[in-house]
Structure formats: C-alpha cells, structure tokens
Amino acid sequence: MRWSRYPIQTVKETPAEAEVISHKLMLRAGLIRRLAAGIYTWTPFGLRSLRKVEQIIREEMDRAGALEVLMPAVQPAELWQESGRWEQYGPELLRLKDRHQRDFVIGPTHEEVITDLARRELKSYRQLPVNFYQIQVKFRDEIRPRFGVMRGREFIMKDAYSFHASPECLQQGYDIMREAYVRMFTRMGLEFRPVKADTGSIGGTASEEFQVLADSGEDAIAVSDGPDNYAANLELAPALPPTQSRPAPSIALKKVATPNRKTIQEVSEYLKVPAQQTLKILLVQGTETRVVALALRGDHELNLIKAQKLPGIAQPITLATAEQISEATGCESGYLGPVGLTCPLYADHAALALADFVCGANEIDHHLTGVNWGRDVAEPTPADLRNVVDGDPSPGGAGHLRVRRGIEVGHIFQLGCKYSEAMQASVLDDSGKPVTMFMGCYGIGVTRIVAAAIEQNHDAAGIIWPRALAPFTVVVVPLNAGKSAAVRDQAEKLYQALEATGIEVLLDDRDARPGVKFADAELLGIPHRVVISERGLDAGTIEYRHRAAETNENWPLDEALPRLQSLLNQSEKTSS
RNA sequence: CGGGAUGUAGCUCAGCCUGGUAGAGCACUACGUUCGGGACGUAGGAGUCGGAGGUUCAAAUCCUCUCAUCCCGACCA
C-alpha cells in the first residue's frame, strides 16, 4: 500500500476523550474513529490488525476441529423468552421492535440461537461432539462504555458453542478449546494467563478466563509467584485460613469514645492501633433473617462473590439499608461490632484469628478495645469472605499470591445443560433414549485484543506491534524523493520486490519531511523500517531499523531484500 | 442510576467571572523558501459558540429546560 493513498491522518495531540494508552494511540495513529459512545469505525490500517487477530483465531479454531457459522445479529425475542433471559438480562440487552411491533434484540451473545440450531439439526449422539463458532458483531448496551474498543458497546467477538452427549466428552472438548486458546494468544505475542473464574450470569460449572496482563486492565487477578502456576480471578481466589492458632486474650474488654471516627482508617489512627488489629462488620440482606453480619479484619475487603454463596444470604447480595442497620443494631454503620449482635454472624478466617482486637461498640461514637472471640462474643461461623491480598499463600500450594491487573480477552465455560434443558435440545443415545446435550461455550473479545496488544506493546513514540498483529510488516521510507530520482526509483523497486514476495509492505511515498515520516512510522508501529536516502545511496546502502531497536543498521543496497526475507522467516518461527 | 465536569473551526483549547465586531495553535488550500527527527513565510478557506426558551437595546457570556460527551461510583463479563 502507498501511504499517499491513505487519507486518514495521524494526530500529534491526544484526543481529550481518551484515557488509557491504547485508546490514545489508536486514535492518534488513525486506527479507529468514534461514531458514538462505545461505537467505533475501523479505518483501513486498524482493520488490517483486526483481521490479523481474526485470522489467527480462525486458523486455530479450524485446527481444533470447530466449524465456522454466521448467526444473525438481530434475534427474535421468543428465543430469549424461552431461555428466560428476556427477563433476566436487563437494560444491557438492546431491544427493538420491527414494523409489525414484534420484539427483537441485537445479540449480546448467541447461546439461544445456537441452541435453537442444535436442537433442529442434531438428532443423534453420532453427530456429537460438535463445536460451532462464529466471528461476529455483538451489542451490549453497557452503562459505561470506556477505554475505546476495550469496553465498547458494539464489538466483535468470536463465540463458540460445543455440544456433547456426556460430561466426560464436554470436558474433553473444553480441554481442546483451552489448548487452542493458549496457541492463539501465544501466536499473537501476548503475555497472558489462563485464570480460574466465576461463571457469572452465563451460568455453568468450570470456567477459565484468559487475561492479558496490563496495569490498565479492569480485572484484578491473583497470580502465584511459585512453581504451582496458580492463577485465579480475584473474585474466586480462596484466602487460606492462617496456620497459627489464635493467641490467648491478654487484655480486658473496654469501651472507648471515638467521636465521629467511622472508618477503619480514622479509628486506627485515633486509637493508634494498626488496621490489622481492627475488625469491621458489614450487614447484608438475609433470607431467613432480615440481615446477616459479616466480620472482616479492618484492612481486608469483602468479596461479594464468596459471601453470596453462603447460606442465609440473599441473592444477589445486597448491603443492608440504613434503616435495616438501625433496626438490627440500634446503631449506624461505622460503629458496628460483633458484641451483642443478634443476627447470624459469619467471620472471615483472618478476622477469627484476631485476639485483643478493636471493633465498633454498636453505639454511636464508641468502639471496643481488647475484644476476644469466645470470651466476649460467641464463636461465629468461620468463612472465607475476603479478597486475597499480595503475599497471601497460594492455594496452589507453592508460592505466594500477587494481585495483578488483567484484560479479559477470552472466557471458556462448561455450561452443562442450562440452555439445552431450557430449550429442549436433546439427541437420541445408543439405546434410542433422548439425552439432553451438554454444552460448552468459548468466547474471545476480538476487538479488545487489538487494544490489549497495544497496552502491552508501546513506548513514548507509539505502538510496537507484535509481528503477528502488525497492519504492515515493513515500511519503506524514501527521504526527499521529490529531489532525487535515484531515491524514488530504489524505493519503488524495493517496494515492488517486497510486494512480489508477498510481504506486507507500506511505501511512505508522501511528500513529507523526514521527521514527519519517522514519527508516523513509529506511531503506527510497523515492525521493520527501511530508509532510503540520497546519502545512503551515495554510499551504496540503505538503513534498516526494527521498531523495538535503539539503533540503525546500514545494509548494502542489493542485500536489502534477501536480508529482510531471512529476517522475516526467522521471526515467523519465533513468532516475535 | 447517584456524584462531578465539559460542550466555541476537523483536532487541542482560550474567550464566559465583569454582556458590546468570535479567537489561537495544529490540520486544510495556494505560492515561495526549506528538506535525516512532527520546518518557515505570505495569502486563504473553514464556526447555527450542542439545542430550545427566557432576560436585555444587545447573549458564546446571565437564567431555565433539554440533549450529548467525559470522569468517579454502583452495574456487567
């Protein structure tokens, strides 16, 4: 491609709307343009990278034996009513009516459509297992789209659905997909981790997310630094109970005035006690009782997902209202404590390991010090209630956890029979009896991957594409071609020779100053750059530089093509 | 949905407080000079000041409503 034929401009100034680096660079390099909140146009350069991602996914899905389909973006409401998600999904589901006032949705996902296809087409266990996938546009009307294509409302997703006659077969299919995902993300040159995950609203049993490690990621994940390779979403990572037993009480219970000190931080500063020696109580709505109390060490955070799974707690988990708190304790949040509480009480393992701790007195402007389980309060029910923190022992058994940020680019689930049961998708087994099919579902955020790759690969000058995702492999930059016919001719010659060998090459034939061309080439992040100048040609050389390199190399002019070719062959093998 | 902020040229923003001829830089067009790290000069094109209503002799500026966008939170995967 000739740069002079590409009409989208790069920009020096960072657009005000962009916050994260990938969004800034994608706008500045002209890869995307915003049309509405969370809705973007992909320009020719950006689309090339997007297609690279899609192609890798397609190749690995095909290799894993999946069959590509293309389902409609617009789906009839009936299917969603049948699965129950018409009611469940909420305002994130974009609903619309056709001219006959019939209800439709713009698909945020395709479980219903694929299950409908499966129940019509699949009649016998002999047709199983089968895995259908598509690469297609989805729409989720996010409350708050942000970070460009990282959390857009309209986005491209690869979604796959597998059908099996038994749970064992589902497990096998799941394992095959897991391997395929590892291959894909490795080929894309991403630093990623498969992590254990919650199944969320999609439902099902086993589930793993593929997280690209990046500080700007929206997910917190707990990764072991030890040889056990443990990694889980923070929501799910268990906090192991402390190994040492609780110290014996050593001081007396005492009520102290803590006027206007409500937060753990305020109380611990005021009483000069470390936050680790304090205890906090959170009240949530219950099923058997109005409220249920949860006790945590002062410096720990409540994990909603874990708490929600405890008996007696309302789903979805909801914090008690100010009225409920007052009714249950006669007090207000900020001064709650376990002493004298009448509602059911769960205590986190770490909270239970405390002795002589500080907590609220259930009386406004007062706290208790020297509180001890067993002595001052009945022993509560122990539970894992908190988010793990840096340094916690790894549940994998070897090493310690580090909390890191990740961008979720893939998520695989063993759905089981949730949809196949609701929509009566069954096949006949070898004895002629109908069996409900077991399903797996496997998603990849295609558009998001482009942003994730940039988050992980950039510098002050711009994008540094992993080779497999670069919109072009080589950029040829003639300097002052307007003045020098030799420069023009040699650049043209090299460009055509590269094209002829199938290398994706961009010729910067714009009538621009050298500084502009260098800056744009770096912003756009093309891995290999060849500069052709009068100065170099006089010496019989061209100049080569890798985007990630610090210095230039001078190559003899006639070696440019063969050396580039061997370089690219090499990097193809190492995928870098 | 709660809290905060912003809408002025394609982009980044000034002007608003204290009402009185709509501005700058980048980008764009033409010409000239320049040409290895985002050049310079001259000339030029480009704006219903988000929209509606109100106050006023006069509104980008003050008031009311509305729409949109961004940030924080809750929400979602």
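Proteins come first, then strands; the chains are lettered A, B, ... in the order of their sequence lines, and each starts at number 1. No experiment lies behind these values; they were computed from the predicted model shown.
The A/Val516 side chain lies nearest to B/rA39 when the options are B/rC35, B/rA39, B/rA74. For A/Val531, the side-chain atoms get nearest to B/rG36 when compared with the rest of B/rA27, B/rG36, B/rC70. Among the nucleotides B/rG37, B/rC76, B/rA39, the one closest to any side-chain atom of A/Arg529 is B/rG37. If you check B/rC26, B/rC35, B/rC76 against the side chain of A/Glu142, the one that comes closest is B/rC76. Side-chain proximity of A/Leu523 to the nucleotides B/rG36, B/rC76, B/rG38 is greatest for B/rG38. For A/Ala37, the listed nucleotide lying nearest its side chain is B/rU69; candidates were B/rU69, B/rC76, B/rG36. Proximity note for A/Pro15 (side chain, C-beta onward) versus B/rG36, B/rG38, B/rU12: the nearest is B/rU12. The listed nucleotides are B/rC1, B/rC71, B/rC13; the one nearest the side chain of A/Ala16 is B/rC13. When the nucleotides B/rG38, B/rG36, B/rU69 are ranked by their closest atom to the side chain of A/Arg34, B/rU69 comes out on top. The listed nucleotides are B/rC75, B/rG38, B/rG36; the one nearest the side chain of A/Thr10 is B/rG38.
Looking at heavy-atom distances under 4.0 Å, A/Glu408 makes contact with a base. Across all strands shown, A/Arg510 has no heavy atoms under 4.0 Å from either base or sugar-phosphate atoms. Using a 4.0 Å heavy-atom cutoff across all strands shown, A/Glu209 reaches no nucleic acid atom at all.
Side-chain contact between A/Lys138 and A/Asp159: present, with at least one pair of heavy atoms (C-beta onward) separated by less than 4.5 Å.
Rounded to whole Å, the distance from CD on A/Glu13 to P on B/rG10 is 15 Å. For the pair A/Glu218 CD and B/rA74 P, the computed distance is 12 Å after rounding to whole Å.
Within residues 20-32 of chain A, the residues approached by RNA chain B to less than 4.0 Å at the level of any non-hydrogen atom are A/Arg28, in residue-number order.
Comparing the same atom, C1', in B/rG19 and in B/rU56 gives a spacing of 9 Å after rounding to whole Å. Distance check on atom P: B/rC1 versus B/rA60 gives 32 Å, rounded to whole Å.
Checking the phosphate oxygens (OP1, OP2) of B/rA39, a side-chain nitrogen or oxygen of A/Arg513 falls inside 4.0 Å. The side chain of A/Gln9 places no N or O atom within less than 4.0 Å of a non-bridging phosphate oxygen (OP1 or OP2) of B/rC26.
Using a 30° and 60° split on the angle between ring planes, A/Tyr174 and A/Tyr442 fall in the tilted class, from 30° to 60°.
Taking the centre and axis of the six-membered ring of A/Trp86, the NZ or CZ atom of A/Arg95 falls inside the cone set by 45° and 6.0 Å.
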